[in-house]
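Side chains included, hydrogens not; waters and symmetry mates left out as well; all remaining heavy atoms used. Owing to the predicted nature of the structure, the values given are computational and were not obtained by experimental measurement. Proteins get letters first, then strands, A, B, ... in listed order; numbering begins at 1 in each.
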Amino acid sequence: MKLSKSYEPQAYEPKIYQLWESAKAFSATKGKNAKQHFSIALPPPNANGNLHAGHALTVAIEDVAVRYHRLKGEPTVFLPGADHAGFETWVVFERQLEREGKSRFDYPREKLYNMVWDFVAAHRGNMDVQLRQLGASLDWDNLTFTLDDKVIDTAYQTFQKMWDEGLIYRGKRLVNYCTKHQTGFADIEVLYEDRTTPLYYMKYGPFTLATTRPETKFGDTGVAVHPDDERYKQFIGKELTIEGVNGPFKVKVIADELVDPSFGTGVVKVTPAHSFDDFEMGERHGLPSISVIDLDGKMNNKAGRFAGMTVLEARQAVVEALDKINLLEKIDTHYKNRVGVCYKCGTVIEPLLLDQWFINVKPLAERAVKAIEAGEIEFFPTNKGKVLINYLKNLKDWNISRQTPWGISIPAFQNQKNPAEWIFSDVKNTDEIEVNGKIYTRDKDTFDTWFSSGQWPYITTDYLPNGDLAKFYPLSVMETGSDLLFPWVSRMIMLGLYRTGRAPFKQVYMHGMVLDEHGHKMSKSKGNVLNPQEILSEFGSDATRMGLLANRSAGVNQAYQPATVIAARNFANKIWNIARFIESKLGDEYKNRTPKPLSIADHWALSRINFASKKISELLEAHRYAEAYEILYHTIWDDVADWYVECSKSELNTSVLAYTLQAMLTIAHPFAPFVTETIWQTLKWEDGLLMLGSWPEQIKTDKAKVKEFEDVQALVSEARFISAELGAGKQTLIFTDDVTILEHQEFIKHLAQLKGVKQMKQGSGLRLAAAKHEAWLEISPDELRKHQEKLQERLQNCLNNIRQLEARLANKSYVNNAPESVVSQTKQQLGEQKTIQARLERELETSKA
RNA sequence: GGAUCUGUAGCUCAGUUGGCUAGAGCGCCACAUUCACACUGUGGAGGUCACAGGUUCGAGUCCUGUCAGAUCCACCA
């Protein structure tokens with residue numbers, strides 16, 4: 001097959017992916033090495049979105065790992081998923097309803113659910129197409145959608161188990177509530193903004209106190225001071241009647257550590273129904289809770305004449321009313337605080353009292369901490385484990401109720417006659433059930449997405465029903481972005497341990513964010529979002545993958561660098577052209593043979609492949625992807641292309657050349673699957689798929705010959721260096737009785753770009769300072785004299801090196817304490833430097849003469 | 001308030017358990033040119049590893065402190 005001059009990804013990538021897919025190459029492999037399994041589940045992207053740069057990085061890392069382990073012969077599977085993205089999707093859907101002049105309250109729950117389902121189907125994103133473009137070797141037959149029956153079933157079973165074991169409770173608790181989207185959020189989902197909020201000082205019985213929320217005054221049931229605050233000690237425990245804008249009301253004075261005596265006047269009003277701290281204090285001191293704000297964000301009838309106003313309207317009106325009756329003392333307009341807002345619409349989050357389902361996380365979190373501390377899960381980078389432990393130790397009970405209809409409905413049913421009675425039922429398609437003659441209605445809420453996603457590892461591997469993929473649980477690695485450590489990874493660990501008794505994965509690898517080219521976070525509002533599609537179509541899949549991986553380490557946010565993608569594109573092209581050269585040298589009738597190294601170059605080339613194969617293995621297993629890529633890059637570009645391919649032009653050994661090509665394609669395959677498989681398919685003597693091939697074993701090489709080649713390399717480098725320094729066209733190399741140079745003069749001439757190589761009785765011209773081989777460049781005495789200064793400079797350098805090395809060896813502590821290998825290396829270096837010194841000195845003699 | 005991370009070449013960043021003269025890509029300078037590749041080859045310049053102490057035969061790497069930047073968690077009445 002004739003290959004075009006440069007690699008054109010677009011021409012091959014779709015065909016190659018098709019080839020893999022139709023060959024069922026993505027199915028879980030059986031593997032030769034059946035002892036060790038390797039499994040990764042792709043963090044499920046939004047089913048109706050497109051991939052962003054972070055997804056591309058995820059795929060790049062995970063697919064490298066997966067393809068590597070597959071080549072290693074381990075039974076391997078890479079499990080795809082798609083996320084219904086409950087809240088995100090819901091927001092988009094509701095916006096459309098709004099445009100049509102409708103609202104969710106116009107439809108029954110089930111109807112609404114079906115409408116969203118259709119909406120999602122009609123707005124399917126390209127994420128599966130894009131995953132294919134990225135070359136992800138996903139087992140598509142085992143894709144899990146987050147609303148699949150098996151997900152719902154598992155979520156229900158887990159809920160029931162917790163219900164039965166008393167880990168689930170229903171409670172009126174303060175919930176972060178968005179009054180626009182009319183749903184509660186977990187603490188972790190609330191976004192905070194720094195704002196300047198007026199701080200109102202008002203008279204409050206015998207006190208003056210400062211508040212940003214005068215409108216919640218109608219819900220006040222207490223007033224709090226610090227227990228040690230001498231100013232107010234006399235009032236503690238008393239019940240006071242307070243003059244208010246709607247007439248007098250009663251509050252109890254309590255003492256609580258939570259109060260900061262230095263803030264404002266050191267007195268704070270307590271509104272348990274609308275502030276998290278106040279709720280806590282209310283619980284501690286037995287204060288009643290009075291809700292004064294409704295779910296729509298308006299004041300309710302507890303606010304008297306302010307009922308029906310929005311919170312902000314009421315605030316204004318209450319302040320004016322306070323002022324009128326001289327209860328307002330002053331307004332501090334410079335007070336800065338942080339306000340929780342909805343991460344979708346920016347509406348201020350109201351803490352509201354709602355009936356919600358909670359999980360008592362304490363036993364789950366404790367178990368997770370124990371598992372992490374015991375090293376059952378390894379973290380990359382390691383500090384993420386510490387951060388997670390810190391988080392788990394301070395975790396509060398988990399509110400799993402959401403008021404978004406697009407999700408898994410909670411399998412709890414309420415007795416219509418007795419609202420306090422709830423029962424569990426796993427029926428799916430009805431909202432009303434009859435049990436023992438009583439009618440129960442389904443809770444209209446849905447599960448927090450993380451409750452079901454948190455069970456992903458054992459759901460996707462069908463572990464609990466013991467399906468075909470069950471042996472792949474626990475997953476080998478959970479690879480995802482750092483931002484998901486708390487919401488997702490923590491949940492998976494807790495729920496995995498709870499349901500299966502085992503940590504759901506052995507390792508956690510967290511990548512940092514892909515920032516824009518200037519190091520800023522990408523965001524839609526800034527308009528700096530990078531579309532991976534554009535990179536893919538311009539540079540190809542392999543370049544995109546390698547470009548994202550390069551120079552990147554675990555957990556660190558890093559800017560997207562077009563230069564690295566370009567470098568990776570060039571690298572793919574280099575691989576392509578090495579293949580073109582080698583295939584042309586092998587000819588059509590070449591039959592696959594085991595490599596038979598003959599020349600020193602053959603032995604050296606094989607040693608480089610051996611090294612790369614081993615080193616890349618080690619690095620990949622340690623999740624050091626960027627370093628593994630760097631080794632690959634330099635082995636192929638420097639060693640194979642720049643040295644061995646060049647040597648092959650004068651000394652050809654087809655068996656080693658063919659092996660080098662195949663081994664090189666194999667070790668490059670995890671990183672650059674498309675170009676390597678494309679080339680592999682052109683090899684006439686191979687009929688399988690490269691992606692199902694096997695990782696190169698170590699080939700025996702002759703160490704002495706490898707060393708001999710390295711010495712020739714040093715000579716060639718020296719000749720090149722001096723040639724460049726002389727800058728006057730090509731030189732002739734002279735040698736006397738050096739067998740190696742005699743034997744390899746063809747490729748020495750070629751590699752060093754010499755005019756010729758001559759053997760003479762006696763050396764003359766410019767003596768080269770290579771340690772192992774003695775040779776001269778043939779130049780006139782005149783030129784040599786001009787070159788004296790440079791020689792002097794180099795001699796000086798050499799002497800400096802010698803001085804340093806000698807000083808090190810003269811140090812007894814160094815010789816005694818440093819490892820033998822380090823010391824002997826130093827000695828060897830000293831020897832080499834001395835040889836060079838001698839040559840340079842003699843050279844200076846002659847040039848002076 | 002608590003925690004974590006970062007500071008290395010002009011730019012973006014690698015640099016595992018301390019061990020050669022600190023690396024890569026891009027950029028820069030010089031040279032080469034039909035024989036796999038200009039998405040090329042060869043050579044080169046460029047660094048007080050933020051700063052100050054300490055441990056060590058030896059520190060970019062470990063410890064303490066300082067400065068600068070980022071992120072997360074809690075709280076903000």
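Side chains of A:V268 and A:L209 form no contact here, defined as non-hydrogen atoms less than 4.5 Å apart. Side chains of A:M522 and A:L515 form no contact here, defined as non-hydrogen atoms less than 4.5 Å apart. Looking at heavy atoms from C-beta onward, A:I372 lies in side-chain contact with A:L388 at the 4.5 angstrom threshold.
The separation of B:G1 from B:C57, taken at their C1' atoms, amounts to 44 Å, rounded to a whole angstrom. To the nearest whole angstrom, the two P atoms, one in B:A22 and one in B:G10, are 16 Å apart. Across B:U64 and B:C72, the matching P atoms stand 26 Å from one another, rounded to whole Å. Separating the C1' atom of B:G46 from that of B:C26 is a span of 14 Å, rounded to the nearest Å. The separation of B:U8 from B:G69, taken at their P atoms, amounts to 14 Å, rounded to a whole angstrom. One P atom belongs to B:C5, the other to B:C63, and the distance between them is 10 Å to the nearest Å. Rounded to the nearest Å, the gap between the C1' atom of B:U48 and that of B:A9 is 13 Å. Spacing of P atoms, B:U61 relative to B:G2, comes out at 26 Å, to the nearest Å.
For B:A24, the base has no donor-acceptor partner in the side chain of A:Q561 [N/O atoms by modelled type, under 3.5 angstrom]. Not a single donor-acceptor contact under 3.5 angstrom links the side-chain atoms of A:K730 to the base of B:A32.
Note on A:A559: only backbone sugar-phosphate atoms sit closer than 4.0 angstrom, heavy atoms only; bases stay farther off. Within 4.0 Å (heavy atoms only), A:E517 reaches no atom of the nucleic acid at all. Nucleic acid contact class of A:A641 (heavy atoms, under 4.0 Å, all strands): base. Residue contacts for A:P819: at a heavy-atom cut-off of 4.0 Å it reaches a base atom on one of the strands shown. Within the 4.0 angstrom heavy-atom criterion, base atoms lie near A:R569. Using a 4.0 Å heavy-atom distance criterion, A:K649 is classed as a base contact. In this structure, A:N817 reaches the bases: a heavy-atom distance under 4.0 Å links it to at least one base atom across the strands shown.
Picking from B:A36, B:U42, B:G25 the nucleotide with the shortest atom distance to the side chain of A:H634 gives B:G25. Nearest nucleotide to the A:N577 side chain, out of B:G25, B:C13, B:A36: B:A36. The A:N551 side chain lies nearest to B:U12 when the options are B:C37, B:G44, B:U12. Listed nucleotides: B:G41, B:A36, B:C5. Nearest to the side chain of A:R580: B:A36. With B:G19, B:G25, B:U21 as the choices, the nucleotide that has an atom nearest any side-chain atom of A:Y814 turns out to be B:G19. Distance from the side chain of A:F721 is smallest to B:G44 among B:G44, B:C5, B:C37. With distances taken from any side-chain atom of A:D642 to the nucleotides B:G25, B:U12, B:G41, the minimum falls on B:G41. With B:G25, B:U42, B:A36 as the choices, the nucleotide that has an atom nearest any side-chain atom of A:R720 turns out to be B:U42.
With A:L327 as the partner, the side-chain contact (heavy atoms from CB on, under 4.5 Å) test is satisfied by one option alone out of A:V319, A:L322, A:I242: A:L322. Under the side chain to side chain donor-acceptor pair (under 3.5 Å) rule, A:T197 has a single partner from A:N337, A:T212, A:D332, A:T333, which is A:N337.
For the pair A:H750 NE2 and B:A36 C1', the interatomic distance rounds to 11 Å; values are reported in whole Å. Between the CG atom of A:L388 and the P atom of B:U4 there is a distance of 14 Å, given to the nearest Å. Taking atom CG on A:N570 and atom P on B:A24, their separation rounds to 17 Å, with Å as the unit. Rounded to an integer number of Å, the gap from CD of A:E8 to P of B:C37 is 14 Å. Summarising the geometry, the separation between CD on A:E646 and P on B:A36 is reported as 8 Å, rounded to the nearest angstrom. We find that CD1 of A:I802 is positioned 14 Å from P of B:U21, with the value rounded to whole Å. Nucleotide B:G58 holds its C1' atom 13 Å from the CG atom of A:L809, rounded to whole Å. Distance A:W643 CH2 to B:G41 P: 14 Å, rounded to the nearest Å.
For the pair A:K217 and A:Y204, the NZ or CZ position fails the cation-pi test of under 6.0 Å to the six-membered ring centre and within 45 degrees of the ring normal. Annotation: cation-pi geometry not satisfied between A:K384 and A:F379 (NZ/CZ under 6.0 angstrom from ring centroid, within 45° of ring axis).
Residue pairs meeting the salt bridge (Lys or Arg N to Asp or Glu O under 4.0 Å) criterion with at least one member in residues 542-568 of chain A, sequence neighbours excluded, are A:D63-A:R545. Residue pairs meeting the salt bridge (Lys or Arg N to Asp or Glu O under 4.0 Å) criterion with at least one member in residues 793-804 of chain A, sequence neighbours excluded: A:E718-A:R794. For residues 253-272 of chain A, the salt bridge (Lys or Arg N to Asp or Glu O under 4.0 Å) pairs, not counting sequence neighbours, are A:D220-A:K269, A:D256-A:R284.
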Only Watson-Crick and G-U wobble pairs with both distances less than 3.5 Å should count. Give RNA chain B in dot-bracket notation, marking inter-strand partners with |.
(((((((..((((.....[...)))).(((((.......))))).....(((((..]....))))))))))))....

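Aromatic ring orientation, A:Y629 versus A:F571: perpendicular (interplanar angle above 60°, classes split at 30° and 60°).
With no hydrogens or angles considered, no side-chain donor-acceptor pair links A:E350 and A:H274 at under 3.5 Å. Under the 3.5 Å distance criterion, with hydrogens and angles disregarded, no donor-acceptor pair is assigned to the side chains of A:S541 and A:E13. Residues A:Y625 and A:H623 have side chains that bring a donor and an acceptor to within less than 3.5 angstrom of each other.
Within residues 622-632 of chain A, the residues having any heavy atom under 4.0 Å from RNA chain B are, by residue number, A:R624, A:E627, A:E630.
For the pair A:W637 and B:G41, the criterion of a side-chain N or O lying under 4.0 Å from OP1 or OP2 is met. The phosphate of B:U40 has neither OP1 nor OP2 within less than 4.0 Å of any side-chain N or O from A:K5.
Looking at which nucleotide of RNA chain B each of A:Y633 and A:Q804 is closest to, the 5′-most match is held by A:Q804.
How far CD of A:Q731 is from NZ of A:K755: 7.0 Å, rounded to the nearest 0.5 Å.
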Under 4.0 Å protein heavy-atom contacts per nucleotide of nucleotides 70-77 of chain B, with B for base, S for backbone only and - for none:
--S--BBB

